[in-house]
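Computed from a prediction, not measured in an experiment: that's the story for all the values here. Throughout, protein chains are lettered first and strands after them, A, B, ... in sequence-line order, and every chain is numbered starting at 1. What you see below is based on every heavy atom in this structure, not just the backbone, and it leaves out hydrogens, waters and symmetry mates.
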2 protein chains.
Amino acid sequence: MRKGMLEYCIMLLLRHQACYTNDIIQRLREAEMIVMEGTLYPLLSRLKRDGLLAYEWRESTQGPPRKYYLLTDEGQQALAQLNASWEEIQRTVNLLKQ
Amino acid sequence: MRKGMLEYCIMLLLRHQACYTNDIIQRLREAEMIVMEGTLYPLLSRLKRDGLLAYEWRESTQGPPRKYYLLTDEGQQALAQLNASWEEIQRTVNLLKQ
DNA sequence: ATTAGTACCTTGCGATACAAGGTATTCAAA
DNA sequence: TTTGAATACCTTGTATCGCAAGGTACTAAT
């Protein structure tokens, strides 16, 4: 059932703090949301392509450089939409639960 | 983002009251969840095949007979699982929102 | 008998997530 | 200097889900 929630969770995560892939996987795992590498890379690329995310390269102390993603202004607007959708879904479920 | 929520919503809907397809579409629409016929029929068939739903034919005053679906005992157990998943997703989102 | 309305269902398409595998960079040890 | 381990990037193939469109069958009214 978590399908479809992933994009929302990632945008929530990247709205204040820039992260690279392993950060994201780790942070989501701490929030009990499991996500695979092969899922994440295409999703990040798509959000970048759509202008919702931007990235910058940063050196690492150990290993190759990393792509640090952050939400753009356009992404913030899209996130506001998703917040509204999330509220609506909660309303729907609560209504059906009665 | 409502993707994946549909199965849960339908099982919530059918846990107490038997409905046929147009009932379900109508009731979900009232809860602000739009679902298409072509989505619903395969989903109901799958839940039936998996033993989570059962149906019985009922005559209609106008038109051909209808399949009225209701949640089975096995479906009730599956629904308890989905309720737990739903709680977890809410926890995840709330945690990421901080 | 024909038509309109209702209810059932199927097929083809696009999007999403997973599993598996592949490329490239860095650093340390042989 | 070269080899290998670790890290980080990405792609491909598969399954599932939801939608759009189209199709079949039964009922009732004209």
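Salt bridge status for A:E87 with B:K97: present, with a side-chain N to carboxylate O gap under 4.0 Å. Salt bridge status for A:R2 with B:E88: absent, with no side-chain N to carboxylate O gap under 4.0 Å. We find that B:E56 and B:K67 are not joined by a salt bridge, their nearest charged nitrogen and carboxylate oxygen being 4.0 Å or further apart.
Nearest heavy atoms, B:M5 versus A:I89: CE-CG2, 4.0 Å. Contact detail for B:L70 and B:L14: the closest heavy-atom pair is CD1-O, 3.3 Å.
In B:D73, the CG atom is not crowded: 12 or fewer heavy atoms of neighbouring residues, nucleotides or ligands sit closer than 6.0 Å.
Within residues 21-31 of chain A, the residues having any heavy atom under 4.0 Å from DNA chain D are, by residue number, A:T21, A:N22. For DNA chain D, no neighbouring residue in residues 75-83 of chain A is found when judged by any heavy atom under 4.0 Å. Sorted by residue number, the list of members of residues 46-60 of chain B with any non-hydrogen atom under 4.0 Å from DNA chain C is empty.
The A:R66 side chain lies nearest to D:dC9 when the options are D:dC9, C:dC18, D:dG18. In this structure, of C:dC8, D:dC10, D:dA20, it is C:dC8 that holds the atom nearest to the side chain of B:E37. Considering only side-chain atoms of A:V35, the nucleotide from C:dT25, C:dC18, D:dC26 that sits closest is C:dC18. Here C:dG5 is the nucleotide among C:dG5, D:dA8, D:dG18 with the atom lying nearest to any side-chain atom of B:P64. Here the side chain of A:L6 is nearest to one of C:dA7, D:dC19, C:dA17, namely C:dA17. Side-chain proximity of B:Y20 to C:dA17, D:dG18, C:dA7: nearest is C:dA7.
B:Q81 is not listed as a side-chain neighbour of B:Q77, based on a closest heavy-atom distance of 4.5 Å or more.
In this structure, the ring of B:Y68 has its center no less than 6.0 angstrom from the ring center of B:Y55.
Of the candidates A:N22, A:L28, A:T21, A:T21 is the only one forming a side chain to side chain contact (heavy atoms under 4.5 Å, CB included) with A:L40.
B:L82 contributes atom CG, which lies 5.5 Å from atom CE of B:M11 (distance to the nearest 0.5 angstrom).
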Assess the residue pair A:Y20 and A:I24 against the criterion (side chain to side chain contact (heavy atoms under 4.5 Å, CB included)); give the C-alpha distance rounded to whole Å, side-chain angles, the decisive distance to 0.1 Å, and a yes or no.
CA-CA 6 Å; A:Y20 82 110; A:I24 296 173; over 6 Å; no
